[in-house]
Amino acid sequence: MHTSKEELHAMLEEDELREAALLVFANKQDMAGAMAPAEVSESLGLSTLKNRQWSIHKTSAVNGEGLTDGLDW
């Protein structure tokens, strides 16, 4: 997750993405031991994102749970 956090924050600093909203899918929620959305948020440092709208949704791509909610956001 550390590398993902670094890459995400570097991408969000690019001129093309400075004003973009961020949607994170916390996938694999159907699996035992999956990180909760709050854990994913903390690991990615989402709370440090200032002046940016973001949302995180728990999902399971296998059964489609949460995908529509995220895309509707």
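Because the structure is a prediction, the values reported are computed rather than measured. All residue numbers refer to positions in the sequence shown, counting from 1.
- Here the shortest heavy-atom pairing between Lys58 and Pro37 reads CB-CG, 3.5 Å.
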Pairs under 3.5 angstrom only: tabulate donor-acceptor contacts from the side chains of residues 44-51 to other protein residues two or more places apart or in another chain.
from	atom 1	to	atom 2	distance (Å)
Thr48	OG1	Gly45	O	2.6
Lys50	NZ	Ser47	O	3.2

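- Residue Glu6 qualifies as enclosed at atom CD: its count of foreign heavy atoms under 6.0 Å is above 12.
- Shortest non-hydrogen contact noted between Lys5 and Ser43 is CD-O, 3.4 Å.
- Interatomic distance, Glu7 CD to Met11 CE, rounded to the nearest 0.5 Å: 8.0 Å.
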List the atom pairs, donor and acceptor, that lie under 3.5 Å between side-chain atoms in residues 16-31 and the rest of the protein, sequence neighbours left out.
from	atom 1	to	atom 2	distance (Å)
Arg18	NE	Asp15	OD1	3.1
Arg18	NH1	Glu13	O	3.2
Arg18	NH2	Glu13	O	3.1
Arg18	NH2	Asp15	OD1	3.4
Asn27	OD1	Thr59	OG1	3.3
Asn27	OD1	Ala61	N	3.0
Gln29	NE2	Ala26	O	3.3
Gln29	NE2	Met35	O	2.8
Asp30	OD1	Ser60	OG	3.1

Would you be so kind as to tabulate the donor-acceptor pairs closer than 3.5 Å made by side chains of residues 65-73, with sequence neighbours excluded?
none

